[in-house]
Amino acid sequence: MQTLFTKNCTSITKRLSTAFFLFGLSLLFPLSQASASDSAAVIDSLRQAPETVIADSTLRVADVVFIGNELTKDYVIDREMSLKPGSFVTGEALKYDIERIYSLQLFTRVNIYVQPLDSATARLMVVVNERWYFYPFPVVGLKDHDWNHIYYGLGVAHNNVGGQAIQMACEFALGYDPYVTVGFYHPSISSDRTFFLSSHLSYSIQKNKSLVALSNGPNFDEKRVSADFGIGRRLSLFSMLSLTAEYFSLQVSDNKAGRTMSDDGTDRFLALHAAYKYDTRDLAEYPNRGVMLKAGISKYGLGGTVDMQRYSADLRSYVPLFGDVVAAGRVFGNIAGGGRVPNYGHVYFGYADRIRGHYQEILEGEHVIGSTAELHIPLLSPRYYRLEAMPIEQFRDIRYALNFALFADAGTVWYREQPLALHNVTSGFGAGFHILFAYSVVFRLEYAFQENFKSGQAIFTVGAAL
């Protein structure tokens, strides 16, 4: 679970720069993490075959064969699939499982071919092309979607240690809000592969975001140190529970009353985070069907100067309407409880979460609720372009798609001493183009209006809105 006070996770902007960086390396250095020749031959022959069978049938799955995953273990792919031995083979299930496997972000291309064995059963051949897993990468991005808040640096990552989807990364960045962070995630530490583990260490210097804290002087820096350790269990194909313990320290560069809970300008405390997640989405970076629910409780401080709770919920739904048109919606909230909320623990619109039409406006409070609705109209359905001249296999398959989208956002923030008032809700709406690209990158080019068409603004950013 992403905690309230630690936000230095890898963004899609950095993933974009990494993809382009690796693509450039493939042109400069024609070296390949080559697949075995026999698997490569099978994959090439299958590529000449028709695309995935999408018509429903009366066939049941006899077994599943995995091809092309030279490093990745079979079980890593299999545990994301809804089709198991005995399941009916349907076009919808095949498309769903292809997107679920692609969402692992381990492969550049995924397909499932159906091989009838007799009149009642069939073999599923899951054919994948693996991405690069271990590499140095540049860190380049925009903090809070602001083009004036550019950060840059270097990192090294392995996204598939031992072929078990274990992730290890270390990176640093200079520029706006410099930081250094080390992270580790193991998705299957137990023999039954249901328990997972995560851990992070980070040090950062961040600009204060709170407008309230700015009321008694010029802006200041927050020196943050955090360490967390989490363990969780995957309860089923779609649901999981997690518990994370965190140590957090924050020191302000200019100590004035109210900027920290402690008089000396440094707050140190322990935090506990419990979270539940239910996720049936097909494609994680841009879903076409499914539901995602996240709910969490966080306790900050254990009876010291910081002693508060937060209760969060995030519900997202994606419903196919007709053809490939999809209606998507999100409702979320984050409510504070317990003792006084420090200024650095406030919630906002205008940073990570934004209301299009009021994209640059900052709304601050102790509580937040918001909603987003989108209608996705495909102009180009997901497809692949193969670069046969590319010297490295991991960059030959380029997955892309194009959608036209209509959207509307709304939300509000408030403090505990204030009532929740509908007339304080801020909203906006508009339309734009969403471009899905290789290595799970999504570009958005949009134009948004405030309520009542008061004014308009162009938006270019990276990453899906919901």
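- The local environment of CE in Met168 is sparse, with at most 12 non-hydrogen atoms from other residues, nucleotides or ligands closer than 6.0 Å.
- For the pair Arg268 and Tyr247, the cation-pi test (distance below 6.0 Å, angle within 45°) is failed.
- In terms of the salt bridge (Lys or Arg N to Asp or Glu O under 4.0 Å) criterion, residue partners of Glu80 (sequence neighbours excluded) are, by chain and number, Arg100, Arg234.
- Looking only at atom types and distance, the side chain of Tyr344 has no donor-acceptor partner in the side chain of Thr260 under 3.5 Å away.
- Side-chain atoms of Glu171 and Tyr179 include a donor-acceptor pair closer than 3.5 Å.
- Residue pairs that meet the salt bridge (charged side-chain N to carboxylate O under 4.0 Å, His left out) test with at least one member in residues 418-432, sequence neighbours left out, do not exist here.
- Residues satisfying the side-chain hydrogen bond (donor to acceptor under 3.5 Å, both in side chains) criterion with Glu99, sequence neighbours excluded, are Arg399.
- Take Arg356 and apply the salt bridge (Lys or Arg N to Asp or Glu O under 4.0 Å) test, not counting sequence neighbours, and it matches Glu374, Asp409, Glu446.
- Counting heavy atoms of neighbouring residues, nucleotides and ligands inside a 6.0 Å radius, atom CG of Asp264 exceeds 12 of them.
- Annotation: side-chain hydrogen bond (donor to acceptor under 3.5 Å, both in side chains) contacts involving residues 317-328, sequence neighbours excluded, are absent.
- Looking at residues two or more places apart in sequence or on another chain, you find no salt bridge (Lys or Arg N to Asp or Glu O under 4.0 Å) involving Lys73.
- Among residues two or more places apart in sequence or in another chain, the side-chain hydrogen bond (donor to acceptor under 3.5 Å, both in side chains) test is passed with Asn343 by none.
- Remark: Arg109 fails to qualify as a cation-pi partner of Phe107 under the 6.0 Å distance and 45° angle criteria applied to the six-membered ring.
- Cation-pi check for Arg281 over Tyr102 is not met; the charged atom does not lie both under 6.0 angstrom from the ring centroid and within 45 degrees of its normal.
- Here Leu380 pairs with Arg383, Tyr400, Leu402 under the side chain to side chain contact (heavy atoms under 4.5 Å, CB included) rule; sequence neighbours left out.
- Atoms CG and NE2, from Leu379 and His434 in turn, are 11.0 Å apart once rounded to the nearest 0.5 Å.
- Not counting sequence neighbours, Asp282 has no partner by the side-chain hydrogen bond (donor to acceptor under 3.5 Å, both in side chains) test.
- Contacts classified as salt bridge (charged side-chain N to carboxylate O under 4.0 Å, His left out) and involving residues 420-432 (residues at least two apart or in different chains) are not found.
- In this structure Arg416 satisfies the salt bridge (Lys or Arg N to Asp or Glu O under 4.0 Å) test together with Glu366, sequence neighbours excluded.
- The backbone N or O of Gln206 sits nowhere less than 3.5 Å from a side-chain atom of Ser204 that would complete a donor-acceptor pair.
- One distance of note links CG of Leu214 with NZ of Lys209; it measures 12.0 Å at 0.5 Å rounding.
- Side-chain atoms of Ser190 and Asp192 include a donor-acceptor pair closer than 3.5 Å.
- In this structure, the side-chain hydrogen bond (donor to acceptor under 3.5 Å, both in side chains) partners of Lys299, at least two apart in sequence or on a different chain, are Asp307, Gln309.
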